[in-house]
Peer 1: 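Here you go, one structure.
Protein chains get the first letters and strands the later ones, always in sequence-line order, with residue 1 at the start of each.
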There are 2 protein chains.
Amino acid sequence: MSGLGTKQRILDAARTLFAEHGFPATSLREITKHAEVNLAAVNYHFGSKDGLLKELVNECIEPINTERIRLLDAAEAEAGGQPLVMRDLIRIFLEPAVRELCDQGSAMPCILSRLHHEPHAGLEEMMSDILAPTITRFVTASHRCLPHRTPEELLIRGHFMIGAMLHLLDFNCEELVPGLGINEEVISGYDFRLEQLISFCTAGFDG
Amino acid sequence: MSGLGTKQRILDAARTLFAEHGFPATSLREITKHAEVNLAAVNYHFGSKDGLLKELVNECIEPINTERIRLLDAAEAEAGGQPLVMRDLIRIFLEPAVRELCDQGSAMPCILSRLHHEPHAGLEEMMSDILAPTITRFVTASHRCLPHRTPEELLIRGHFMIGAMLHLLDFNCEELVPGLGINEEVISGYDFRLEQLISFCTAGFDG
DNA sequence: GGCAAGTTTAAACGACCGTATGAATAAAAC
DNA sequence: GTTTTATTCATACGGTCGTTTAAACTTGCC
């Protein structure tokens, strides 16, 4: 935990510790100790503890949603006015998130899935600002795929998908129930998880 | 918030405030003030703040899982050795939770969906103790419904279902994205949500 | 009444929190 | 080399936290 700048060391330590103990239960003293920087450095670089969280989250989800929009634009351009295949649309939504989040370790998924359920002044607004365009695009596109579904059905199913995704990302294999003959290596695999999730959601939207 | 005993008033206040601000961000002073009882009453009746949470959670999820097991026993007895219909199995798992949690207001769903992602010493163990038999029974029964699926596929899909359910329970309609023509009354309906969730998961398990 | 067990009360404890300050240090500009 | 700017540092502030204590009060039993 050295060699990098102070700011980055704080972000790294915060990511780890927020994931481990949650945001409110993690003190700046723990973070700065873990990052081997001075306590006051957090307020110097991020203004406040909330500012630190905000930057951490933004740094993570902003590129994911940019990538989603980019893929959606490309797919729709290629389709040339035809509706997309639902499975492709779901993959566009899920893959950037699962890949990005899993690649950089398991810390951010823990944090994000908690933040989706936890109130934080200003942060919900920020996430909503980032996510809203994607959700609108997704619901609109899915409505073209599945015209027999009402917007309410599509939106609520979109939320089921988000819930399943978040649960997947934060899913810890240590909780495994014994006696079922589960192969841990299989169920931990990145590809296995993503493909299962895509299949589950694709079928779920249709059913 | 009076007329009931001190212990119950504390539980009620804690449920409300934990849901609103989260467990770590809620102080015992807020709780006891809201419940109009003395600060020390919490430690007298529950031993500690953690003890209060533990009792609150146990009081909520224990009857849900008892009911799930009861329904599963009844359904399997009625089937007389034949595999259950997947949709029925999913309903057995989801309906007690959705009904119980929605009936007693929206407070507990918020708390529970957070706890599923938040670490708490001893509490995870407690929840695991209560949930493990249900999960084992569910995976076993679903394997008989869908023998072509591997245990890993069934378990990970069971977790998708849990994720979707938790997200549904804690889903706040204020977050609705405008411009999609969503009817808020429809999407807020208890029956609509439950039936959509069951359909989504039933199809998801098959797909 | 008088004792006993259960419950509620006000007050205090030590610990830790997020934040602010001003001096010390390093880096950059001139 | 000196001045200016950016960063790091030790330290302190006011506040809130969960928990404890011991006295006061309530209730039911003899």
Side-chain angles (χ1 to χ4, degrees), chain A residues 1-59 111 114-115 118-124 126, chain B residues 1-59 111 114-115 118-124 126:
Chain A
M1 192 63 79
S2 67
L4 299 84
T6 301
K7 198 169 174 179
Q8 194 57 48
R9 287 218 303 281
I10 293 173
L11 284 169
D12 290 341
R15 187 165 33 239
T16 302
L17 294 171
F18 287 166
E20 206 164 331
H21 310 117
F23 174 75
T26 305
S27 71
L28 294 183
R29 285 169 175 82
E30 291 177 69
I31 294 171
T32 52
K33 193 173 180 181
H34 191 275
E36 298 177 42
V37 302
N38 188 272
L39 169 61
V42 172
N43 280 274
Y44 176 77
H45 286 283
F46 302 97
S48 66
K49 191 187 179 187
D50 282 304
L52 167 58
L53 177 65
K54 214 163 169 174
E55 186 144 337
L56 193 62
V57 170
N58 184 68
E59 181 195 57
I111 298 172
R114 278 185 224 152
L115 289 180
E118 233 177 62
H120 276 297
L123 205 143
E124 286 173 321
M126 186 193 85
Chain B
M1 194 63 79
S2 65
L4 299 86
T6 300
K7 198 169 173 180
Q8 193 57 49
R9 288 218 301 284
I10 293 173
L11 284 170
D12 290 342
R15 186 163 34 237
T16 302
L17 295 171
F18 287 166
E20 206 164 329
H21 310 118
F23 173 77
T26 305
S27 71
L28 294 184
R29 284 169 176 82
E30 289 178 70
I31 294 172
T32 53
K33 193 174 182 180
H34 192 275
E36 298 176 40
V37 301
N38 188 273
L39 168 62
V42 172
N43 280 273
Y44 177 76
H45 286 285
F46 302 96
S48 67
K49 190 187 179 188
D50 281 305
L52 167 58
L53 177 65
K54 212 165 171 175
E55 185 143 337
L56 192 64
V57 170
N58 184 68
E59 181 194 57
I111 299 172
R114 279 187 223 150
L115 289 180
E118 232 176 64
H120 276 297
L123 205 142
E124 286 173 321
M126 188 192 82

Peer 1: Establish, with yes or no, whether the OP1 or OP2 oxygen of D:dT8 is under 4.0 angstrom from a side-chain nitrogen or oxygen of A:Thr6.
Peer 2: yes
Peer 1: What pair of heavy atoms forms the shortest contact from B:Ala13 to B:His34, and how long is it?
Peer 2: CB-ND1, 3.5 Å
Peer 1: If you take any heavy atom closer than 4.0 Å to DNA chain C, which residues from residues 41-49 of chain A end up in contact?
Peer 2: A:Asn43, A:Ser48, A:Lys49
Peer 1: About how many Å separate NZ of A:Lys7 and CG of A:Leu52, when rounded to the nearest 0.5 Å?
Peer 2: 10.5 Å
Peer 1: What pairs with A:Lys54 under salt bridge (charged side-chain N to carboxylate O under 4.0 Å, His left out), at least two apart in sequence or on another chain?
Peer 2: none
Peer 1: Determine which pairs satisfy salt bridge (Lys or Arg N to Asp or Glu O under 4.0 Å) with at least one residue from residues 17-31 of chain A, sequence neighbours left out, and list them in order.
Peer 2: none
Peer 1: Return the value, rounded to whole Å, for the distance between atom CG of A:Leu39 and atom P of D:dC9.
Peer 2: 11 Å
Peer 1: Enumerate donor-acceptor pairs with a distance under 3.5 Å from any side-chain N or O in residues 44-51 of chain A to protein atoms, sequence neighbours excluded.
Peer 2:
from: A:Ser48; atom 1: OG; to: A:Asp50; atom 2: N; distance (Å): 3.4
from: A:Ser48; atom 1: OG; to: A:Gly51; atom 2: N; distance (Å): 3.1
from: A:Lys49; atom 1: NZ; to: A:Phe23; atom 2: O; distance (Å): 3.1
from: A:Lys49; atom 1: NZ; to: A:Thr26; atom 2: O; distance (Å): 2.7

Peer 1: Taking N or O atoms only and anything under 3.5 Å, show me the protein contacts with nucleotides 24-26 of chain D, one pair per line.
Peer 2:
none

Peer 1: The side chain of B:Ala40 lies closest to which of these nucleotides: D:dT11, D:dT19, D:dT20?
Peer 2: D:dT20
Peer 1: Determine whether B:Asn38 and B:Thr6 make a side-chain contact, defined as any pair of heavy atoms from C-beta on separated by less than 4.5 Å.
Peer 2: no
Peer 1: Can you list everything that forms a side chain to side chain contact (heavy atoms under 4.5 Å, CB included) with A:Asn58? Sequence neighbours excluded, please.
Peer 2: A:Glu62, A:Met126, A:Ile130
Peer 1: Within residues 18-31 of chain A, find the residues that approach DNA chain C with a heavy atom at under 4.0 Å, and present them sorted by residue number.
Peer 2: A:Thr26, A:Ser27, A:Leu28, A:Arg29
Peer 1: Under 4.0 Å from a heavy atom of chain B: give me the 5'-most and 3'-most nucleotides of DNA chain C that qualify.
Peer 2: C:dG6 to C:dA12
Peer 1: Just how far is it from atom CD1 of A:Ile10 to atom CD1 of A:Ile31, taken to the nearest 0.5 Å?
Peer 2: 8.5 Å
Peer 1: Within a strict 4.5 Å, meaning less than it, do heavy atoms of the B:Glu118 and B:Pro24 side chains meet?
Peer 2: yes
Peer 1: Looking at residues at least two apart in the chain, or sitting in another chain, which of them share a side chain to side chain contact (heavy atoms under 4.5 Å, CB included) with A:Leu56?
Peer 2: A:Leu11, A:Ala14, A:Arg15, A:Phe18, A:Glu59, A:Met108, A:Ile111
Peer 1: Within this structure, what is the CZ-CG distance for the pair B:Arg114 and A:Leu115, rounded to the nearest 0.5 Å?
Peer 2: 10.5 Å
Peer 1: So, does A:Asn38 get its side chain near the phosphate of D:dT7, meaning an N or O under 4.0 Å from OP1 or OP2?
Peer 2: no
